[in-house]
Amino acid sequence: MTLLQELESRLAAALTATLGEPSSAAVTPAADLRFGDYQSNAAMVLAKQRKTNPRALAQEIIDHLDLSGLATADIAGPGFINFRILPTAYAAHTAALIRDPRLGVPATGTGQTVVVDFSAPNVAKPMHVGHIRSTIIGDSLARIARFLGFHVIADNHIGDWGTQFGMILHGWKTQLEPAALDADPIQELVRIYRAVNAEIKNDASLLETCKAELVRLQAGDPENLAIWQQCIDVSKRGLQKIYDRLDVKFDHWLGESHYNERLPGLVEEFLQKGIAKESNGAICIFSDDSKPLEEDPFKVHKEGGWTDNPAIIRKADGGFLYATTDLATLQFRMDEWKADQIWYVVGVPQQLHFRQLFDAAARWGKTGDFRHIAFGSILGDDRRLMKTRSGDNVGLIEVLEEAVERAAKAIAEKNPDLQGEEAAQIAEIVGIGAVKFAELSQGRLTDYVFSWDRMLALQGDTAPYLQYSHVRIRSIFRKLEGPFDPTTAEIHLNEDAEIHLARLLARFGEVLPTILDDFRPNLLANYVLELARAFHSYFEACPVLKAEEPIRSSRLALCDLTSRTLKQGLELLGIQVPERM
RNA sequence: GCACCCGUAGCUCAAUUGGAUAGAGCGUCUGACUACGAAUCAGAAGGUUAGGGGUUCGAGUCCCUUCGGGUGUACCA
């Protein structure tokens, strides 16, 4: 049980004793250490309901509160109850954490299956910086959910069946250079895609040719199918290289093409059930008029009036769309994987699509917890959204390479002893970590302008700062002669710096579950920063190896726990830690 | 037109979802290395939370409104 839960349960008992009935006893970490470690505003909330004096009520609650062996409590301000954890209680809790492989983290997700849909790049196009958010945030959320006990299925819903294949097929047939394809397949696919795109701008009729190629592909034409398969294969290999470097893993890569054969039947079912109907030759889902206009995703206000804003599931030309595939995908995940929840880590611009998707799914009888985990846009220098089609965006691979290069330069400068393969490996860990942490330490909804210096910073609140704190701890254990068993050490907490470290270590299990309340990995990023900062202060203030027993063992054990917690926190963010750097 | 995301220190971002005197990093300024690793630490300066109004014990957070930026709004994904 976390300290926060322990306080809540004791407060709940006191509230029942005071009021004669159970009442919600919410405790939060104190906003400011001057007020103690934890606080509750229960007295103020209850006093409002009962129209009594909050401070008097708080006193009454404290009179019924048994905090023996755990904390002290007092009243402050308008009626806050502030709790101060006893150093002995922190010591006991720390000792328990040292013996706990889960580091005090409760398994809140047991029995729940959640599908996490993230990254989902289009094939035959290189990933650019715009793809980084979904990939990194999604991966981190999947890791966190897994650690919290959820059965997680990470699914890369790649765009392997879109309209872009019309252009690629045409380009493949008219201007492919086989030598270039051998040398760098993705590069060549991109080249022909862009070339066709450019041609279309001059000759609109070409668009029809491309559409015809796409229709042939969708009809199962063997030649087009073979070309398509070859494109998919080389693209997947290219993507896998990036995922390997990012240390991102998927359980499945079920792209759009996986759902092809289900689409016609799905549209028929929607027609039969009356959820969709024909309009201007297309099959559309319209509003069921059960919602107020403003909340209805199938209505839109335009030029002074409300009009329909349907989701099209079959085009007038017979083709299927994004919405069709997503409905089929949702069904598959519910039926085949028995998903309780599906998390879609996709940008804000697609919000309307997901509102429509979830609404349509509900009318279809698919009940589950579906979440669009939206994130803000990465903007270009012109402060406008980076467009996938423009083609001149910074490539993801370039960002990673530049990051590693900068890290290598820093290593050469700060620790020239590191050489060769070892230095290269550390540069990889540090550089990639910096990119990931830059992304994860920020609120997901914030838009930002892409900047090399911002994404690749190695100073300040960055991954290298965190990794360095781990290196410092390891350094202590390298110098330590003989074995050390932290589970047998007695914990003594005297200095402010070590009490503060213990305070933060106790919070790991409190912070982690709250991340999934609103899908905010930045809370974990903030936490590990605080922990690392606390460790660095402790490191300066409290000698470990030079201390006398039993303090020495106590401090060693604290270092060991810090190292484990830090490493675990970073692992949940997808960031690795080197032994030296 | 309408909807959604956003506006916080010079810059880049936080703020435990309605809590106490709004916090970090970068940059600026002062100090600390013959070291348990200075990629560090201790400290200083920096704010009318875009403007205005409201709700209440209490608002960066909720409501109304004005301004500014971004995105979306029927056959792309």
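Just so you know, these numbers use all the heavy atoms, side chains as well, and skip hydrogens, waters and symmetry mates. Residue numbers begin at 1 in each chain, while the letters A, B, ... track the order of the sequences.
For A:Pro78, the listed nucleotide lying nearest its side chain is B:rC57; candidates were B:rC13, B:rC2, B:rC57. Of the candidates B:rA77, B:rU73, B:rC76, B:rU73 carries the atom nearest the A:Leu352 side chain, counting heavy atoms from C-beta on.
Side-chain atoms of A:Gln39 and base atoms of B:rA20 include a donor and an acceptor less than 3.5 Å apart. For A:Asn41 against B:rG19, a side-chain N or O and a base N or O form a donor-acceptor pair under 3.5 Å. For A:Ser279 against B:rA74, a side-chain-to-base donor-acceptor contact under 3.5 Å is present. With hydrogens and angles left out, the side chain of A:Asn82 and the base of B:rA20 share a donor-acceptor pair within 3.5 Å.
Looking only at distances, no side-chain donor or acceptor of A:Asn82 sits under 3.5 Å from a matching main-chain atom of A:Gly36.
Partners of A:Asp160 according to the salt bridge (Lys or Arg N to Asp or Glu O under 4.0 Å) rule, which considers only residues two or more places apart in sequence or in another chain, do not exist here.
The nearest whole Å value for the distance from the CG atom in A:Asn280 to the C1' atom in B:rA74 is 8 Å. Following rounding to the nearest Å, A:Lys299 (NZ) and B:rG72 (C1') show an atom-to-atom distance of 18 Å. The nearest whole Å value for the distance from the CD1 atom in A:Ile378 to the C1' atom in B:rG69 is 18 Å. Between the CZ atom of A:Phe298 and the C1' atom of B:rA74 there is a distance of 12 Å, rounded to whole Å. Taking atom CZ on A:Phe354 and atom P on B:rC4, their separation rounds to 19 Å, with Å as the unit. Whole-Å rounding puts the A:Asn522 CG to B:rG25 P distance at 17 Å. Rounded to whole Å, the distance from CD on A:Gln351 to C1' on B:rC4 is 5 Å. Rounded to an integer number of Å, the gap from A:Ile312 CD1 to B:rU73 P is 11 Å.
Taking the centre of each ring, A:His500 and A:Tyr538 stay at or above the 6.0 Å mark. Aromatic pair A:His170/A:Phe165: centroids not less than 6.0 angstrom apart.
Residue A:Asn309 is classed as a sugar-phosphate contact, given heavy-atom separations below 4.0 Å to backbone atoms only. In this structure, A:Ala76 reaches the bases: a heavy-atom distance under 4.0 Å links it to at least one base atom across the strands shown. Contacts of A:Gly443 with the nucleic acid, taken as non-hydrogen atoms under 4.0 Å apart, involve only primed sugar atoms and P, OP1 or OP2. Counting any heavy atom pair closer than 4.0 Å across all strands shown, A:Asp518 reaches a base atom. Residue A:Cys284 is classed as a base contact, given a heavy-atom separation below 4.0 Å to a base. As judged by a 4.0 angstrom heavy-atom cut-off over every strand, A:Pro349 is placed among residues touching the sugar-phosphate backbone only. Base engagement by A:Ala30 is indicated by at least one non-hydrogen atom pair under 4.0 Å involving a base atom. A:Glu530 comes within contact range of no nucleotide atom at all, as no heavy-atom separation falls under 4.0 Å.
When both pairing distances are held under 3.5 Å, B:rA9 makes no Watson-Crick or G-U pair with any nucleotide shown. Pair check for B:rU48 finds none; no Watson-Crick or G-U wobble contact set falls under 3.5 Å.
Applying the 90° criterion around 0 to the glycosidic angle, B:rU17 comes out syn.
When each of A:Glu439, A:Gln442, A:Arg454 is tested with A:Tyr448 by the rule side-chain hydrogen bond (donor to acceptor under 3.5 Å, both in side chains), just one qualifies, namely A:Glu439.
When each of A:Leu445 and A:Gly281 is assigned the nucleotide of RNA chain B with its nearest heavy atom, A:Leu445 is the one assigned upstream, toward the 5' end. Place A:Phe80 and A:Gly159 on RNA chain B by their nearest nucleotides, and A:Phe80 ends up nearer the 5' end.
Regarding contacts with the backbone of B:rG69, every side-chain N or O of A:Ser377 stays at 4.0 angstrom or more from both OP1 and OP2.
The environment of CG in A:Asn53 is crowded: more than 12 heavy-atom neighbours from other residues, nucleotides or ligands sit within 6.0 Å.
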Open item on the list: Generate the contact string for nucleotides 35-42 of chain B. Rules: B means base contact, S means sugar-phosphate contact only, - means no protein heavy atom under 4.0 Å.
Closed with: -BBSBBSS
